[in-house]
Amino acid sequence: MNKALAKIFTVLFHPLLLPSIGIIILYNSGSVLEYLPFQAKKVILLVVSVSTLILPLTFVPFFIFQRIIKDVQMENKKERFIPFFVTAVLYFFGYYLLLRLGAPQTISKFILASATTVSVLFLLSFKWKVSAHMTGLGGMTGALIAISFRLGVNLEYYIIAAILISGIVAYSRLLLKAHKQLHIYLGWFAGLIVNLLVLFLF
């Protein structure tokens with residue numbers, strides 16, 4: 001794999017895209033969520049996309065203008081504190097909106113797990129430059145495993161795909177020298193464990 005392809009993989013599976021991708025997977029999981037009214041599906045996906053993707057991205061120009069970050073790569077560990085904190089707040093806001101809308105419990109808990117994962121990433125960032133990509137993908141893997149058990153549906157192919165994509169993105173991040181191996185492993189397992197705990201215990 002060359003660096004250009006590695007960059008493509010890191011963009012395609014950017015952590016901010018994962019909650020929306022997760023919702024689409026749930027809509028096609030063979031569970032009761034697949035039979036939600038189309039209008040309800042649209043509203044839920046809109047809320048998730050706005051709170052976990054669009055709003056966090058709109059803060060990026062502001063962070064750059066205020067010199068909180070130099071660029072979107074956030075190569076300096078200290079640059080990550082405020083963006084990760086703001087992102088966590090926006091994720092919890094999305095969870096709150098889903099509760100107010102009466103969204104299915106599995107969906108709202110999935111976003112709660114995502115918000116908790118970002119919060120853990122924020123805390124870990126005080127000591128390490130943990131990979132946000134791998135934390136997100138580990139979280140997605142953990143969420144799919146937990147939801148598979150909770151709903152009693154077979155998400156085997158999605159879980160395998162998540163693990164394979166995790167490996168590809170991990171290699172891409174190492175190739176681009178964005179992280180050390182410790183940051184890759186720590187991020188993935190942190191995301192996995194947080195999602196398993198939140199979705200099984202709450």
Side-chain angles (χ1 to χ4, degrees), residues 1-36 41-42 44-49 51-54 56-57 87 91 94 98 103-118 120-121 130-176 178-179 181 183-200:
M1 182 189 298
N2 57 36
K3 289 188 176 182
L5 189 57
K7 288 180 180 179
I8 291 172
F9 278 117
T10 60
V11 171
L12 286 176
F13 299 104
H14 192 281
L16 292 179
L17 290 170
L18 296 180
S20 298
I21 292 173
I23 296 298
I24 293 171
I25 290 174
L26 291 179
Y27 287 165
N28 296 277
S29 61
S31 69
V32 66
L33 298 175
E34 197 167 322
Y35 302 99
L36 284 172
K41 287 182 176 179
K42 281 201 309 182
I44 290 170
L45 184 58
L46 178 63
V47 169
V48 171
S49 297
S51 60
T52 66
L53 174 62
I54 297 172
L57 286 177
T87 301
Y91 272 48
L98 290 175
Q105 190 178 61
T106 301
I107 290 176
S108 59
K109 284 186 177 179
F110 171 68
I111 299 303
L112 173 62
S114 299
T116 307
T117 302
V118 179
V120 170
L121 178 62
V130 179
S131 171
H133 281 81
M134 297 313 299
T135 306
L137 286 167
M140 175 68 80
T141 305
L144 291 173
I145 292 171
I147 290 169
S148 177
F149 280 100
R150 286 184 65 92
L151 298 183
V153 293
N154 184 3
L155 298 178
E156 179 181 65
Y157 294 114
Y158 288 117
I159 294 168
I160 292 171
I163 293 171
L164 290 175
I165 291 168
S166 295
I168 293 170
V169 174
Y171 180 74
S172 299
R173 301 303 285 164
L174 289 171
L175 183 65
L176 295 170
H179 298 282
Q181 285 192 19
H183 305 148
I184 297 290
Y185 296 135
L186 183 59
W188 196 84
F189 281 106
L192 178 80
I193 292 168
V194 168
N195 276 261
L196 287 173
L197 289 175
V198 172
L199 287 163
F200 273 130

Close side-chain approach of [X] to [Y], heavy-atom, < 4.5 Å:
{"X": "Arg150", "Y": "Lys109", "result": "yes"}
{"X": "Leu144", "Y": "Tyr157", "result": "no"}
{"X": "Leu33", "Y": "Pro104", "result": "yes"}
{"X": "Tyr91", "Y": "Leu16", "result": "yes"}
{"X": "Thr52", "Y": "Ser20", "result": "yes"}

Self-check item: Parallel, tilted or perpendicular: ring planes of His133 versus His14, cut at 30 and 60 degrees
Solution: perpendicular
Practice problem: Classify the angle between the aromatic ring planes of Phe13 and Phe9 as parallel (below 30°), tilted (30 to 60°) or perpendicular (above 60°). | Solution: parallel
Ignoring hydrogens, what is the shortest heavy-atom contact between [X] and [Y]? Give both atom names and the distance.
{"X": "Leu196", "Y": "Gly142", "value": "CD2-O, 3.4 Å"}
{"X": "Ile23", "Y": "Phe110", "value": "CD1-CD2, 3.9 Å"}
{"X": "Phe200", "Y": "Ala146", "value": "CZ-CA, 3.8 Å"}
{"X": "Val47", "Y": "Gly94", "value": "CG1-O, 4.1 Å"}
{"X": "Ile184", "Y": "Ala170", "value": "CG2-CB, 3.7 Å"}
{"X": "Gly191", "Y": "Thr117", "value": "CA-CG2, 4.1 Å"}

Rounded to the nearest 0.5 Å, how far does [atom2] of [Y] lie from [atom1] of [X]?
{"X": "Tyr185", "Y": "Met134", "atom1": "OH", "atom2": "CE", "answer": "9.5 Å"}
{"X": "Ile111", "Y": "Thr106", "atom1": "CD1", "atom2": "OG1", "answer": "12.0 Å"}
{"X": "Gln105", "Y": "Leu199", "atom1": "CD", "atom2": "CG", "answer": "10.0 Å"}
{"X": "Ile24", "Y": "Asn28", "atom1": "CD1", "atom2": "CG", "answer": "8.0 Å"}
{"X": "Ile21", "Y": "Met140", "atom1": "CD1", "atom2": "CE", "answer": "6.0 Å"}
{"X": "Ile147", "Y": "Leu26", "atom1": "CD1", "atom2": "CG", "answer": "4.5 Å"}

Exercise. Please lay out, stage by stage, how Thr10 and Ser172 fare under the test side-chain hydrogen bond (donor to acceptor under 3.5 Å, both in side chains).
Key: CA-CA 7 Å; Thr10 60; Ser172 299; over 6 Å; no
Practice problem: Begin with the C-alpha distance, continue with both residues' side-chain angles, and end with the deciding distance and a verdict on side chain to side chain contact (heavy atoms under 4.5 Å, CB included) for Ser114 and Leu18. | Solution: CA-CA 9 Å; Ser114 299; Leu18 296 180; over 6 Å; no
Quiz item: Can you tell which of Thr135, Val120, Val118 makes a side-chain contact (heavy atoms from CB on, under 4.5 Å) with Val194?
Solution: Val120
Quiz item: Checking Thr141 side chain against Leu137 main chain: does a donor-acceptor pair fall under 3.5 Å?
Solution: yes
Self-check item: Under 3.5 Å: donor-acceptor pair, side chain of Lys41, backbone of Glu34
Solution: yes
